[in-house]
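First comes the structure, then the notes that go with it.
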Amino acid sequence: MDLFSIYRQLGLSEKVWALGEEITAGLRERFQEIDAVAEYNQAKVLAAMQDCRIGANHFAATTGYGYNDDGRERLERVYAQVFHTEAALVRPQITCGTHALTVALSANLLPGDELLSPVGLPYDTLQEVIGIRPSPCSLAEYGVAYRQADLKEDGSFDYDAIRTAITPKTKLITIQRSKGYATRPSFTVAQIGELIAFCKSVKPDVICMVDNCYGEFVETIEPSDVGADMVVGSLIKNPGGGLAPIGGYICGTRACVDRCAYRLSAPGLGQEVGANLGILPAFYQGFFLAPTVTAGALKGAIFAAHLYEKLGFRCVPSAGAVRSDIIQAVELGSREVMVAFCKGIQAAAPVDSFATPEPWDMPGYDDPVIMAAGAFVQGSSIELSADGPIRPPYAVYFQGGLTWQHAKLGILMSLQKMADAGLVSL
Ligand SMILES: *Cc1c(COP(=O)(O)O)cnc(C)c1O
């Protein structure tokens, strides 16, 4: 059976398939550049694992307190080496990205301190963590004040506003690399480096933290290579390589990471406790695969931008733009088109392909959110997934795909469902 016959069985029409082939043919050079970044990052991870002398004995499960867990400690050394930081906290006890960020913030901010976001409003779930939207146990409740400097109209940093917002009380600056559910550009590591240098020139002892979600391994350097004191992310995004079933990481200075460990477990215990419960093989192997998995997701994002721009939809980032994360936003203009798009992503999944995504009021989010994911790890967004809050400009945020080939099929199916519903003409 030829390839298209299989695709036809999966519901793809000849027209959509042909359009996909045309787009793919034009992306060869771009994909070569992505493969070169993946090769560099693969070497970086491999070198760290060899240097830390990882052996099969480090995959053993521990239970109870988890004292002297050599496998856990070496994994944290591998992360620290790859991110070029003094220390790392990589744990299944960190339940998600929001939790990792919460630990990093609440460990390093005390009552009376000020937190500053120099890049506009942070990611939806962080708004309750900070207390921008009132919430029990928010930082605001504990007496941590929040300031914000918005980006300029063109998406660049507003250095004058940032200088004004930094006060003697500013303790920590949070910089979100990826756009999240906003339609602003994501920042390259070099841009983040400039911003950190500026903030430290105004207040040398300020802690700079980067929300690195979706950014890991997209470039050959990470925010910790350009001055970040902490980089934070989720293991069910890029660095888990699709294999980690839970977890988060915080890499940074020894002083910052120590405090995070005391916050995560307990003062006095810190990094010494936390049984690995047998999860280490997935963490190690996932991290080993993460550079190539991220590369596949990146190819999918670029393919989606080229396809949908050709059909007249606004894409953020635009098809030709330099990338700093794996997220592709496509502004679809209406709820109906968002639903059709997500149905296509769902229909292409290896798991739950028969389910139909519907908008729902998800905890932590202000508007109803639609999510499409047929993932091996529930909610994993390094796997092929699409989601977005139902609000203008009705942008769907597409990301992931454990392989480029699967990402491609998913995007073609999203277009197919839009075409089937008569919402787009080809
Ligand atoms: C996903 C994400 C988070 C939160 O991660 P969860 O694992 O969903 O809690 C925070 N910031 C950004 C930019 C993200 O993309």
Side-chain angles (χ1 to χ4, degrees), residues 89-106 115 117-130 132-133 135 138-139 148 151 155 173-189 191-192 209-218 222-223 228 230-242 244-250 264 286 290 294 297-298 301 316-317 323-329 360 362-366 369-373 375 377-389 395-400:
L89 188 64
V90 186
R91 301 288 169 121
Q93 286 83 9
I94 300 177
T95 55
C96 61
T98 303
H99 186 198
L101 289 157
T102 302
V103 168
L105 290 171
S106 53
L115 166 67
S117 170
V119 295
L121 202 59
Y123 189 74
D124 290 57
T125 58
L126 266 293
Q127 295 173 22
E128 280 173 301
V129 172
I130 295 167
I132 299 168
R133 278 184 284 132
S135 171
S138 68
L139 290 168
Q148 181 175 312
L151 296 170
I173 291 180
T174 178
I175 300 165
Q176 186 179 306
R177 175 172 176 179
S178 173
K179 62 185 161 299
Y181 286 151
T183 41
R184 56 118 163 134
S186 295
F187 304 121
T188 63
V189 174
Q191 287 171 321
I192 290 171
M209 180 192 91
V210 175
D211 174 351
N212 206 27
C213 281
Y214 292 126
E216 300 89 353
F217 298 130
V218 171
E222 298 292 339
M230 280 190 287
V231 289
V232 183
S234 165
L235 297 199
I236 63 168
K237 295 178 179 172
N238 309 14
I246 191 169
Y249 77 89
I250 301 167
L264 179 65
T294 301
L298 200 54
V316 183
R323 302 273 157 164
S324 185
D325 65 21
I326 61 165
I327 311 289
Q328 182 61 53
W360 66 298
M362 198 180 158
Y365 296 84
D366 227 6
V369 174
I370 184 162
M371 297 198 149
V377 172
Q378 287 175 36
S380 166
S381 45
I382 185 61
E383 297 188 50
L384 184 68
S385 50
D387 45 66
V396 80
Y397 296 78
F398 163 88
Q399 68 267 316

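For this chain, numbers begin at 1 and follow the sequence in order. Numbering of ligands and ligand atoms starts at 1, following listing order. Remember, predicted model here, so these are calculated numbers, not experimental data.
For the pair R133/D124, a side-chain contact is recorded, criterion being any heavy-atom separation below 4.5 Å from C-beta on.
With S186 as the fixed residue, the side chain to side chain contact (heavy atoms under 4.5 Å, CB included) test singles out one of Q191, R323, K179: K179. Put simply, the residue from T188, D211, N212, D325 that forms a side-chain hydrogen bond (donor to acceptor under 3.5 Å, both in side chains) with R177 is N212.
Relative to the ring axis of Y397, K237 does not place its NZ or CZ within 45° and under 6.0 Å from the centre.
If you look at ligand 1, the protein residues with a non-hydrogen atom under 4.0 Å away are C96, G97, T98, L101, Y123, Q176, D211, C213, Y214, S234, K237.
What you find for G233 and A100 is that their closest heavy atoms are O-CB, 3.9 Å.
Taking CD1 of I382 as the start and OG1 of T294 as the end, the distance is 5.0 Å to the nearest 0.5 Å.
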